[in-house]
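Remarks on the structure that follows.
Chain naming here is simple, since letters A, B, ... match the order of the sequence lines and numbering starts at 1 in each.
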There are 2 protein chains.
Amino acid sequence: MSIDGQLPPKARLLRAAAELLANSGGSAVSTRQITQLAGVTAPTLYHHFGDKEGLFDAVVAAGFDEYVAGERDFAPSGQPLEDIRRMWDNHVQFGLKQPELYLVMFGNIRPESRPAIVADAEALMEEMLNKAAVSGQLNVPPREAARSILAANVGVTLMLIAEKAPERNLELSTMTRDAMIFAVSTEQARINDSDDSGKSSVVVAAIALNAALQASHSDQLSSSELKLFLEWLHRISTSSTS
Amino acid sequence: MSIDGQLPPKARLLRAAAELLANSGGSAVSTRQITQLAGVTAPTLYHHFGDKEGLFDAVVAAGFDEYVAGERDFAPSGQPLEDIRRMWDNHVQFGLKQPELYLVMFGNIRPESRPAIVADAEALMEEMLNKAAVSGQLNVPPREAARSILAANVGVTLMLIAEKAPERNLELSTMTRDAMIFAVSTEQARINDSDDSGKSSVVVAAIALNAALQASHSDQLSSSELKLFLEWLHRISTSSTS
DNA sequence: CTAGCACCTATAGCAACGCTATATGAACTA
DNA sequence: TAGTTCATATAGCGTTGCTATAGGTGCTAG
């Protein structure tokens, strides 16, 4: 019931705080809980971190180091836009693996406190987008593209965190990801990525029909027929361009 | 220094809480501050709202009513995708006008607490996207499009809130907005937000789907399924209703 | 008119919170 | 050995969210 090892108190405090934060389920974590789990008394905390917020900032900083390490981990594939996709997916996975930490890092950013973290994350993505820009694959300046993609990335991750784990649909992520990349990339890159021309008209028509049917209560089909019909429609209209 | 008027204590508490929350700058707001500003003692708060969180939930609910009212305020332009743009901009403006409230509403959503708010916001956008889908302007099912667009919308708004007001660049919003809409819309709609929206219907969509299916041999359905599917399509597309 | 009955609010106080003034021990420097 | 610095502990202050209990208000019933 306590974090021991031979670690120094400062590290034990950090670890205890991170663990309690991760399992708090959103409710507040008290300094007394932290110090007890770390096997330390109150003044030790304030000696090392000055503040409760100071301790939490340190936890966030450690979390961000982990995030950056994860983003730098993989080798460049030579296809910058493909690397951007991997950065996006890494970001989402990081958020889903440590939702409480993520919410502190990206869900609660106030102007006065710390846009620094976000700035670093932006720089990381901009760096990668620069390579795409060099090879003429980018439609907009790398900085603007990075900000835009990161914003969408954060929004998607927050949405997924808000959903209960069993019913999380990662398609939201891949779809939004590709939409953003598609939008900032040049025409050539688009043609390479997607083979839409063939079945897109089917998909569009199916989507339109689906919406129209639900809106206008057609009585041309029985309810059981309609149910099966709609199921097939859904199958067609979600046959993806992934 | 106190909220008076002849309002009942419940309303005064709500107003005091909203005001303190808006000016708190992110730091915590105590029940004692709230009750004092409302000119009321502690048990009154707990009688009406049960909880501090209950009071804050009520504030958020009021804020969400305001948000929905803002989203429903303008008249449909007849061009669904243009209306989506306006919904997006309204969303951003709401967030920038009441950043603290917005952070509570969209920046701190936990799975267990309240995805209800998000679900309503999604439904609002899906409703509008349905109109676009009926007129064949949509590339993906309205529900998925709504989730995706809203996620990006939230992400952008949070990013803008995180920046200090003087250096906020709204181009991030319009760029991301158009990128998302562009990505979920069909080619025709991209070229010219065309207005054959009025005459589109079940029949037209069914005919289009029928033609498209026969032309491109989708492999989403088995041959026997396809036969029955086409028969139903025929029944729908030769019916005289609307 | 009065008795009873919901409703709503106030007095007073508890346990838990973040934090600190002060003191004690251990390790190193001179 | 004496002095200095770093790190931890004892004890307690003021504030927090919340509540057990009781008192006042406006109502309808008799």
Side-chain angles (χ1 to χ4, degrees), chain A residues 1-62 100-101 104 108 110 112-114, chain B residues 1-61 100-101 103-104 108 110 112-114:
Chain A
M1 199 51 192
S2 82
I3 292 187
D4 287 77
Q6 314 314 31
L7 289 89
K10 187 171 178 177
R12 274 183 292 164
L13 278 169
L14 262 178
R15 193 169 297 190
E19 179 177 327
L20 287 176
L21 194 71
N23 302 332
S24 67
S27 57
V29 177
S30 72
T31 59
R32 284 174 166 82
Q33 286 179 303
I34 297 173
T35 55
Q36 183 186 341
L37 179 60
V40 162
T41 52
T44 306
L45 191 161
Y46 295 93
H47 174 69
H48 287 291
F49 300 99
D51 218 313
K52 183 189 185 182
E53 198 182 315
L55 172 57
F56 277 65
D57 284 352
V59 172
V60 166
E100 305 298 336
L101 182 59
V104 177
N108 245 326
R110 318 258 173 177
E112 68 278 1
S113 61
R114 60 202 128 168
Chain B
M1 197 54 191
S2 81
I3 291 188
D4 290 76
Q6 318 311 29
L7 288 90
K10 186 171 179 177
R12 274 183 291 165
L13 278 168
L14 263 177
R15 192 168 296 190
E19 179 177 328
L20 286 177
L21 195 71
N23 301 333
S24 67
S27 58
V29 177
S30 71
T31 58
R32 282 175 167 81
Q33 286 178 305
I34 297 173
T35 54
Q36 183 187 341
L37 179 59
V40 163
T41 52
T44 306
L45 190 162
Y46 295 93
H47 173 71
H48 287 292
F49 299 99
D51 218 308
K52 185 189 185 181
E53 198 182 316
L55 171 57
F56 278 64
D57 284 352
V59 172
V60 166
E100 305 298 336
L101 183 58
L103 284 178
V104 178
N108 247 325
R110 319 258 172 176
E112 67 279 2
S113 62
R114 60 203 126 163

- Heavy atoms only: give me the nearest Lys52(A)-Val29(A) pair and the separation to one decimal. NZ-O, 2.8 Å

- Query: Rounded to the nearest Å, what distance is computed from the CD atom of residue Gln36(A) to the C1' atom of nucleotide dA16(C)?
  - Reply: 13 Å

- Query: Side-chain N or O of Tyr46(B) less than 4.0 angstrom from OP1 or OP2 on dC18(D)?
  - Reply: yes

- Query: Counting just side-chain N and O atoms, does Thr41(B) come under 4.0 Å of either OP1 or OP2 of dT11(C)?
  - Reply: no

Polar-atom pairs under 3.5 Å, protein N or O versus N or O of nucleotides 20-26 of chain D: list them with distances, or write none.
none

- Message: Reading DNA chain D from 5' onward, which residue's closest nucleotide shows up sooner: Val40(A) or Lys52(B)?
- Response: Val40(A)

- To the nearest 0.5 Å, what is the distance between CD (Glu53(A)) and OG (Ser27(B))? 10.0 Å

- Query: Which distance, rounded to the nearest 0.5 Å, do you find between the CD of Glu100(B) and the CG of Leu20(B)?
  - Reply: 11.5 Å

- Whole-Å distance separating the CG atom of Leu20(B) from the P atom of dT16(D): 12 Å

- Do the side-chain N or O atoms of His48(A) get closer than 4.0 angstrom to the phosphate oxygens (OP1, OP2) of dT8(D)? yes

- Query: How close do Thr31(A) and Tyr46(A) get, heavy atom to heavy atom, and via which atoms?
  - Reply: CG2-OH, 3.5 Å

- Item | His48(A) side, atom NE2; Leu14(A) side, atom CG - distance, nearest 0.5 Å | 10.0 Å

- Note on the structure: The reported gap from CD1 in Ile34(A) to OG1 in Thr44(A) (rounded to nearest 0.5 angstrom) is 13.0 Å

- Validation row: Leu101(B), Val59(B) side chains within 4.5 angstrom (heavy atoms): yes

- Task: Give me the residues of residues 24-35 of chain A where at least one heavy atom lies under 4.0 Å from an atom of DNA chain D, by number, or none.
- Result: none

- Message: I need the CG-C1' distance between Leu55(A) and dC19(C), as an integer number of Å.
- Response: 14 Å

- Leu45(B) CG - dT19(D) P separation (whole Å): 11 Å

- Query: Is any side-chain nitrogen or oxygen of His47(A) closer than 4.0 Å to OP1 or OP2 of dT8(D)?
  - Reply: no

- Query: Out of curiosity, Ser24(A) OG to Arg110(B) CZ, how far, rounded to the nearest 0.5 Å?
  - Reply: 6.5 Å

- Message: Given 3.5 Å as the limit, does a donor-acceptor pair link the side chain of Lys10(A) with the main chain of Phe49(A), or not?
- Response: no

